[in-house]
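The model shown is predicted, which means the values in this text are computed figures rather than measured ones. In what follows, every heavy atom counts, from backbone to side chain, and hydrogens, waters and symmetry copies are set aside. Here is how names work: the chains are called A, B, and so on, in the same order as the sequence lines, proteins then strands, and each is numbered from 1.
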Amino acid sequence: MSDPNSAYVSLSGVTKRFGDFTAVDSVSLDIRRGEIFCLLGGSGSGKTTLLRMLAGFDTPSAGTIRIDGADMSAIPPYERPVNMMFQSYALFPHMSVEKNVAFGLEQEGERREQIRRKVGEILELVKMSGFGTRKPHQLSGGQRQRVALARALVKRPKLLLLDEPLAALDRKLREHTQFELLNIQQRLGVTFIVVTHDQEEAMTLGTRLGVMNHGRIVQVGSPADIYESPATRFVADFIGSVNMFEGQVRGGTDGAGAYIESAELGCTLRAERCERLTAGATVWTAIRPERINIGRQPPAQSGGSAENAVRGTVREIAYMGDMSIYLVQLASGRMLRVTLPNITRGAERALARGESVWLSWHGSSPVVLTE
Amino acid sequence: MRSRRLFARGALILGLVFLYAPIVSLIVFSFNNSRLVTVWDSVHSPTLKWYGTLVHNGQILDAAWLSIRIALTAASCSVVLGTLAGFALARFSQFRGRLLLAGMTTAPIVMPEVITGLSLLLLFVALEQLIGWPRGLGAVTIALAHITFCMAYVTVVVQSRLTGFDESLEEAAMDLGARPATVFLRVTLPLILPAIASGWLLAFTLSWDDLVITQFVAGPGSSTLPMVIFSKVRFGVTPDVNALATILVLIVATGIVLSTIWMRYQQRRRERDEQLAAAANL
């Protein structure tokens, strides 16, 4: 119990079927005390169903959910040590902000003085002190989000479930709120489980991420793990953008890594970091657009040998302000996506459309995927 | 352009005349001194004497009192039953006999009133023979019949309100520790209260002016106001009926005007609140 690294929430073989459709497919997962765990996935990946099962609104078709060691199978939502912040916020429209926040405490039969004090404290924490008597429709989107957070936190749950907490906010407000959420989480020491489809949100909020696809957890790891070493093609493609090539492993892995021949790419790929590969096997290699160098001259270290360097023609340049995206066409016809930060003013004018360029990358950049 | 505007205005005026001329003439003739309803006695009119006779007419007062009692009972009971039925239909998408329940609750709306009335009469008579209740036809059977068809309307109103209900509100309440009964009383009920209130008003009006079904299930000595008016009119219209009708129109009109003003006020307040909230959105 006192071990901070022990699993606080533990799912084993959790499955949820709706008729013939399997929304969640035997998910096993351990979530530690005090961490922010982000469930990331597209729509229909089963992440919300998983969250609803944790809250108790849906019951698993198979498998068990344990929270703090206790089996939750027969525990109704109103007896679970869990609170949830809904995507729609689900504020009671007929109650004032104070009443909304006090609702949970009233259910526990706390004294009125006590309730008033706790409501005041939590509204202070989310910076909504002056708004206690307002009704939800008198609040802006960002204010509603804060009230919803206060209402979910006022009972001091050990575990807070957040369903797309920032989806309804506009971009500026979202960034600001993200850091505020982190701040509150650290101050109260609550375990967060966040469901989101937004990878940026997941990367900044989460201490660990679980990527979901078709009801299964595909990969669990820190944001850096998942970005740098995706386990499957789906994960590589879902998190950030990526250039993916099919190729064959060439025999003879030496100390410098594995060699992969790719007809699409038109050069030999040398991947320094990869698992043991069987010669001749078909693999996929992923290279992030920001890990590719672009230049007019062939890269010095390649010395003419076609390894991790390839020629192409610039087809499109998209100027994004902080960076530019180049679409470069290779001899095979494949388009490659390259992003470069615009370090100096006018940097985007350095290359022109139609220009012939060299693309190269470091041997540590390619990620070799077998599935 | 100009002729089109003229046409629109003309159509509006004609429509208003078509709708309100009968009511206006009824009100005007309630102040007529003559015993003959259709002859305007320009010498002694206007007069309030028919209103005077109305106050002393025991039959009409009794009937009005009975109608009010029945309408109150029918509206209140049908609201409870209709809310339950509407809840079951809106919330539970699959259960044994759902289609049957849906059909049964809405049947009185589409069924000809004569058939509803007749079938209820047969039911009451058979029940009395079998179990000795209800004892004879009268206020009780009228109220039961009214509950039956009013409930159908309440069910429809409540069901449609619940169909657009955000269920995450109930889940949020449950998540905060409220048991199902508390969830219903503190979250669901207050939010569907407007629908229940309008269902109650609808039921009250329907019960108040129902004639056909009431005719079937009423017994001796239990005449509702519409029945009394109808029977009086059959022996020739008397001016005191005009006076009675004028009072009813006045009551209804006051109710409508008040509710319109209230709704306007609410609407305006809501709009102002939303503008303020939008302005605070930073």
Side-chain angles (χ1 to χ4, degrees), chain A residues 19 48 51-52 54-58 76-95 99-110 130-131 134-145 148 151-155 157 160-161 163 169-170 172-173 176, chain B residues 83 87 90-95 98 158 160-198 262-282:
Chain A
T48 301
L51 199 72
R52 290 176 57 82
L54 282 164
F57 303 135
D58 285 331
Y78 44 87
E79 282 170 10
R80 295 195 182 197
V82 172
N83 282 126
M84 177 157 166
M85 194 179 128
F86 289 77
Q87 183 177 8
S88 62
Y89 306 146
L91 295 176
F92 307 129
H94 58 298
M95 294 184 198
K99 283 271 166 203
N100 261 287
V101 178
F103 188 87
L105 298 171
E106 283 167 10
Q107 304 312 315
E108 309 217 305
E110 286 200 46
F131 297 89
R134 295 251 193 125
K135 289 276 184 72
H137 73 267
Q138 294 170 304
L139 301 175
S140 70
Q143 291 169 337
R144 276 181 224 180
Q145 197 259 4
R151 189 180 67 175
L153 283 172
V154 76
K155 290 178 83 174
L160 185 69
L161 310 172
D163 188 4
L169 304 180
D170 56 52
K172 265 268 159 61
L173 196 58
H176 178 73
Chain B
T83 304
F87 211 83
R91 279 302 158 76
F92 305 104
S93 52
Q94 282 171 331
F95 59 88
R98 184 184 188 278
V158 171
S160 67
R161 175 73 184 90
L162 277 171
T163 309
F165 194 90
D166 181 7
E167 280 180 52
S168 65
L169 292 174
E170 289 170 346
E171 286 173 352
M174 227 188 287
D175 184 66
L176 291 165
R179 290 167 175 281
T182 317
V183 174
F184 181 76
L185 287 177
R186 291 210 47 198
V187 176
T188 319
L189 195 61
L191 290 174
I192 61 168
L193 208 57
I196 293 180
S198 63
W262 173 246
M263 272 159 62
R264 279 263 177 84
Y265 169 73
Q266 289 284 340
Q267 169 95 11
R268 218 170 286 160
R269 207 177 66 168
R270 204 177 168 84
E271 275 168 10
R272 203 190 54 216
D273 285 348
E274 268 158 17
Q275 273 168 5
L276 275 177
N281 202 347
L282 293 170

For Leu91(A), which atoms come within 4.5 Å of any heavy atom of chain B: side chain, backbone, both, or neither?
backbone

Is any residue of residues 187-197 of chain B within less than 4.5 Å of chain A by heavy atoms, and which ones?
Val187(B), Pro190(B), Leu191(B)

To the nearest 0.5 Å, how far apart are CZ in Phe92(A) and CD in Glu170(B)?
9.5 Å

Is it the side chain or the backbone of Phe57(A) that comes within 4.5 Å of chain B heavy atoms, both, or neither?
side chain

What part of Glu79(A) lies closer than 4.5 angstrom to a heavy atom of chain B: side chain, backbone, both or neither?
side chain

In short, Tyr78(A) meets Pro180(B) closest at the heavy-atom pair CE2-CD, 3.4 Å

Asp175(B) portion near chain A, given a 4.5 angstrom heavy-atom threshold
both

My understanding is that only residues two or more places apart in sequence, or in another chain, count here; which of them pass side chain to side chain contact (heavy atoms under 4.5 Å, CB included) with Thr48(A)?
Arg52(A), Asp163(A), Val195(A)

Where is the tightest heavy-atom contact between Ala172(B) and Arg151(A), given as atom of each residue plus distance?
CB-NH2, 3.4 Å

Against chain B, work out which of Leu105(A), Val154(A), Asn83(A), Val82(A) has the most heavy-atom pairs shorter than 4.5 Å and name it.
Asn83(A)

Can you tell me how far apart CZ (Phe103(A)) and OG1 (Thr182(B)) are? Round to the nearest 0.5 Å.
7.0 Å

Quick one: what part of Arg186(B) sits under 4.5 Å from any heavy atom of chain A, side chain, backbone, both or neither?
both

Residues Ser88(A) and Asp166(B): closest non-hydrogen pair is OG-OD2, 3.8 Å

Between CD on residue Gln138(A) and CZ on residue Arg270(B), distance to nearest 0.5 Å
9.0 Å

Restricting to non-hydrogen atoms, name the atom on Pro77(A) and the atom on Met174(B) that form the minimum distance, rounded to 0.1 Å.
CG-SD, 3.5 Å

Across all chains, not counting sequence neighbours, the salt bridge (charged side-chain N to carboxylate O under 4.0 Å, His left out) partners of Arg144(A) are none

With a 4.5 angstrom heavy-atom cut-off, which part of Ser168(B) approaches chain A: side chain, backbone, both or neither?
both

Crowding at CZ, Phe95(B) (>12 non-hydrogen neighbours, <6.0 Å)
yes

Heavy atoms only, distances under 4.5 angstrom: which of Arg80(A), Met84(A), Lys135(A), Met85(A) has the most pairs with chain B? Name it, please.
Met84(A)

Qualifying residues under salt bridge (charged side-chain N to carboxylate O under 4.0 Å, His left out), relative to Lys155(A), sequence neighbours excluded
Glu108(A)

